[in-house]
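Residue numbering restarts at 1 for every chain, and letters A, B, ... go by the order of the sequence lines.
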Amino acid sequence: MSSALPWSILLLPLASAVVILLFTLRSGRVSSFTSVLAALAAFLCSWALFTSENTRAIELTWIDLRPLLYVPLGFVIDGLSKTMLLVVTGVGALIHVYSLGYMRNDAGKSRYFASLSLFMFSMVGIVLSNNFVMMFIFWELVGVSSYLLIGHWFERDAAAEAAKKAFLTNRIGDFGFMIGILMIWSATGSVVFREIAMQMPQIIAHPGFLTIAALLVFCGAAGKSAQFPLHVWLPDAMEGPTPISALIHAATMVAAGVYMLVRVGFLVQSSPAALGVIVWIGTITAVMAALIATQQSDIKRILAYSTLSQLGYMVMAVGLASGEAAMFHLFTHAFFKALLFLGAGAIIIMLHHEQNIWNMGGLAGKLRVTFLTFLVGTLALIGCPPFSGFWSKDAILALAYTRSMPIFVLGLFTAFLTAFYMTRLLVVVFLGKPRTDAARSGREAPIVMTVPLLLLAIPAFLAGFSFVATRFLPLPQEKEAVALVPVLATLAMIAGVTLGVVLYRNREREPLNIALLRKRFFFDEFYTWLIGVTQGTLARLSDFFDHWIIDAGAVRGLSSATWGIGALLRLFQVGNLQAYSFLFGLGIVGLIYFTIFR
Amino acid sequence: MQAAVLEISALVLGIFLLLCEAFAGALDKRRLAYGGIFGLGLILLASFFVTAGPLQPDAVGFWSFYAADPLALFFKRFALATTMLVLIMMLESAPRIQSGLGEFFALPIFTCAGLMWMASAIDFVMIFVSLELVTMSFYVLVAYTRRNPVTLEAGVKYLILSALSTGFLVYGITWVFGVTGETSLARVAAAFSQPNLERAPALFGAVLILVGLGFKIAAVPFQIWVADVYQGAPTAVTAYLSVGSKAAGFVVLLRVLSAFFILPQVQRLLVAVAIATLIYGNLAALPQTNLKRLLGYSSIAHAGYLLVGVVSFSGAAVGFYLVSYLLMTLLSFTVLIVVANSAGGEEISDFDGLSKRSPFLALAMMISMLSLAGVPFTAGFFGKFMVFDAAIQQHQTALVVVAVVTVACGFYYYLKVIRAMYWESPARAAPIAFSQLSRVTMTGLMIAIITLGVYPQPILRALSDASHPVTAQR
């Protein structure tokens, strides 16, 4: 019985997506309840799986061409995947419920819930896959379903563009991922994680090969987890409905990259060079995104950049060869970031789709539950002891402190920035006076939206305590843990909060104006320019090719050649029986000559 | 139950249908076809309960010319399935048959018996007799609509050239018998491996036998009849010719080569033939505008890919390729029959805008074309994949390079059909009518193509049993 549990967790959301697409597209109500039920059931199954001792699942053979290629349909069920399943289905189920409220009056409700179920299916698939091929397929499915969800309001150009951008940017990373998988397969002859792990000594003998393969696999993670320089899609993805931002772009999809890196930790950790690159990519992302976040005025964009920055922390931990620290931060982050996004969603919907923080203000008294839960999320995010974020961020910083001073200093600086921009957000949105009519007329969100907020606030507060966290995942054990690190981190946090309060209390407009940060380091402009240049060059090249080689050479050459061959073939295909028999005999003579006399 | 029961019941079924035709009076002839399909289905079911015969190479009596190994059983089922599908196609094209509908439905069943015997034949005498049983019934079937001059011409061409090739086959067998004094494949193989063998006459005999088989599988330089005969014959018969006859040719080739591969020249010869077949089939298909002719040339090209598998000794690759080839070829021919019934012609331009007239037919045709071209997630892709893999493992690099280049070439003419269906505007807007049975069959074939493209395991498992005896005999 319990060996069928993983299958039911995987297939329940798929069944819901299929049922909705085939039968209930007309009725948004039925569709939404189908999808929510499937998500809740998947969560219950995950819980059952988590509490059971079971580590086995029925394994099917998909493609068996041994010794060339063997692809099973199999699951890996260990502490890592069990916890990840809980996070994915737990946060996912809450967001399904919340969506009932948020998408109440949406015309495309059925489509939305079908895509949501498809997304859950793909995400659970990534978590459970025990081989690269399966994981890659689910990886791409996540890409597709996120494309559908970001572009849910496809009639808005911005949403359609954002969906396209997310998909294409992910494709760049996935291409590297695929080449990495092919390299590993060609070296070990296997795509199954367990078998690759056993064959690692062979690959370690070729450090150059290993580094390239590991970095290519990291490429895939960088795309999904939006690491520099592939981070540009995530902020734009905020064009999707807010529950999607919470689900995909905070708790699950972007965490997939980190999860994958931890899953193949045996591979990444055997290459010091690759680790070096990964840790710096993570650090750059963390600092850069935090800097950009300080100057944004769209509430969801601020949260998006803060997600980028926190993902940078997780990748940093992977680069410091500590999968435990990365998973710990992923675990706590999933709760408080989903909480923050859902809180933002409640504000947005109650203010009739107002997203600019400078058009809000004074909401603390009106959206009381939202404010309190948002406060909990903020305290967790900025690492205020004893909230969950404090513990997991501290683990990563302590790790950096013992390994590399520059990384530690930058990590500390990011912690300071985080506290600063979150305080700015909180002060501008909730405190002071309402600045617009919309803000003055704000009301508390309906109960289907506040209950998920309250439920998420509990783990956002608790999940960091070691007595809670150790039940779910192994905590990083830093031997020479120093008391200095938490003290410094707390000081940085206090400094950030103080600066934020001083700068932004009772402001009507943005007091600072740093164009470089507001324009996000001009990344989008740079990419547009780069694409323009490469496309222009390519277009000119292919124009040349088309004009001179195809038109002049191939077409005219081919047409005369075809004519010649046609004439030649016509000689054979005369349709005349005598000629056919003659050619037949000629063929036999030729074969006999070729075989016997040569 | 012994394996030979299957062939015998097929023969009895055929004779029974003929008697019904003769004595049952005013009977709707279509009933005969339904009866045939049902009977063959029963035999197919029974084939899962037969016991395998003794496998030792020194078997005497019946078992020295009849093998009931898994390979034989696999191809017996293959022949049965093909014949059932062809009967369904014949039902669809029945309105175009002027007379003798009853015999038209009974003859394929005799062909089927021949094909099944061929799958089991391990003695030259047996091979020859079963081959002739198949060919005889094809002579009649190809020329069935004999009032149509094109068909008549095709029938005569097929008759004369096939007789010619049969002559060479018998002549080759006598040479081999003269050299070794044996007709049983196992003993011929043993004799060929003797060091004091007279090389030249043995090779001469082997080449002549390969000529006869080369005609059956339409390999270059014995392909010249294909285009005319395929175009002229009734479409259902063309499909049968290109799947059933070809598959049987390949089974016999696999068996015969297990004896001949001891001679290194044979392999060299086959590599050359495979390369020539690949190039000829694909290049000649490029400029075709008649879909039936195009499929004829494409069947030459596929014979080339199958030969790549044969040269690489991979019974599993050949078997899988044949299964995928069966599915996609029969699907495309079924669509062709239906469309030709309504359009009156078999040109690619008759398919213009098919997606608007009948999305179902267009989808079916698209799937079969994609599979023929070898697009991933179709059965055709895995067939090519396995054949190429086998060739690479045998270090046949030149062969693989040619094969891959010709695959690219194949995309051009297969996609031409898809373009016509989806991008051209239809000449007529009338929807196309066809029977429920055909719809169910096409749906089944489509599902099978996609399923095997995603999950090839069932056939691979069936073949992993079947491919051992081939290697064991060698």
Side-chain angles (χ1 to χ4, degrees), chain A residues 59-74 133-134 136-137 140-141 178 182 185-186 189 554-555 558-598, chain B residues 153 156-161 163-165 168 171-172 199-204 206-208 210-212 214-215 219-228 263-266 268-270 272-273 276 280 283-284 286-287 293 316-317 320 382 385-386 389-390 392-393 454-457 460-461 464:
Chain A
E59 182 166 315
L60 303 178
T61 302
W62 179 20
I63 298 170
D64 184 359
L65 294 171
R66 273 177 288 201
L68 179 70
L69 172 66
Y70 174 71
V71 186
L73 282 183
V133 174
M134 251 175 98
F136 188 76
I137 290 172
E140 293 298 307
L141 275 174
M178 187 162 71
L182 288 176
W185 173 54
S186 67
V555 171
L558 254 186
S559 69
S560 43
T562 315
W563 199 87
I565 293 175
L568 207 68
L569 282 183
R570 221 166 300 155
L571 284 182
F572 289 121
Q573 295 284 355
V574 280
N576 180 330
L577 190 54
Q578 286 89 331
Y580 281 7
S581 335
F582 176 69
L583 286 172
F584 197 105
L586 214 60
I588 296 171
V589 173
L591 288 193
I592 292 174
Y593 173 76
F594 182 78
T595 321
I596 301 177
F597 298 100
R598 280 197 58 213
Chain B
E153 187 190 329
V156 172
K157 278 180 183 163
Y158 184 66
L159 174 68
I160 306 255
L161 290 176
L164 190 64
S165 81
F168 282 107
Y171 193 42
R199 271 286 161 95
L203 267 180
F204 186 63
V207 170
L208 290 182
L210 291 182
V211 166
F215 176 84
V220 173
F222 313 112
Q223 84 300 346
I224 203 108
W225 58 280
V226 166
D228 290 356
L263 308 169
Q265 288 92 335
V266 171
R268 207 184 57 184
L269 172 75
L270 279 177
V273 167
Y280 181 91
L283 284 191
L286 280 180
R293 226 173 153 81
F320 193 92
F382 262 108
F385 176 82
M386 291 184 62
D389 175 47
I392 286 172
Q393 281 177 8
V454 179
Y455 186 63
Q457 214 52 45
L460 289 180
R461 207 175 298 126
S464 68

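- Of the two parts of B:Leu210, neither the backbone nor the side chain holds a non-hydrogen atom closer than 4.5 Å to a non-hydrogen atom of chain A.
- For the pair B:Lys157 and B:Trp225, the minimum side-chain heavy-atom distance is 4.5 Å or more.
- Of the listed residues (A:Leu586, A:Ile588, A:Leu73), the greatest number of heavy-atom pairs within a distance under 4.5 Å of chain B belongs to A:Ile588.
- For B:Asp228 and A:Tyr580, the side-chain atoms include at least one donor-acceptor pair closer than 3.5 Å.
- Within the 4.5 angstrom heavy-atom criterion, no atom of B:Ala206 approaches chain A.
- Between B:Leu203 and A:Ile592 the shortest side-chain heavy-atom distance does not fall below 4.5 Å.
- Contact check for B:Phe215 versus A:Phe584: side-chain heavy atoms found under the 4.5 Å cut-off.
- Using a 4.5 Å cut-off between heavy atoms, B:Val220 makes no contact with chain A at all.
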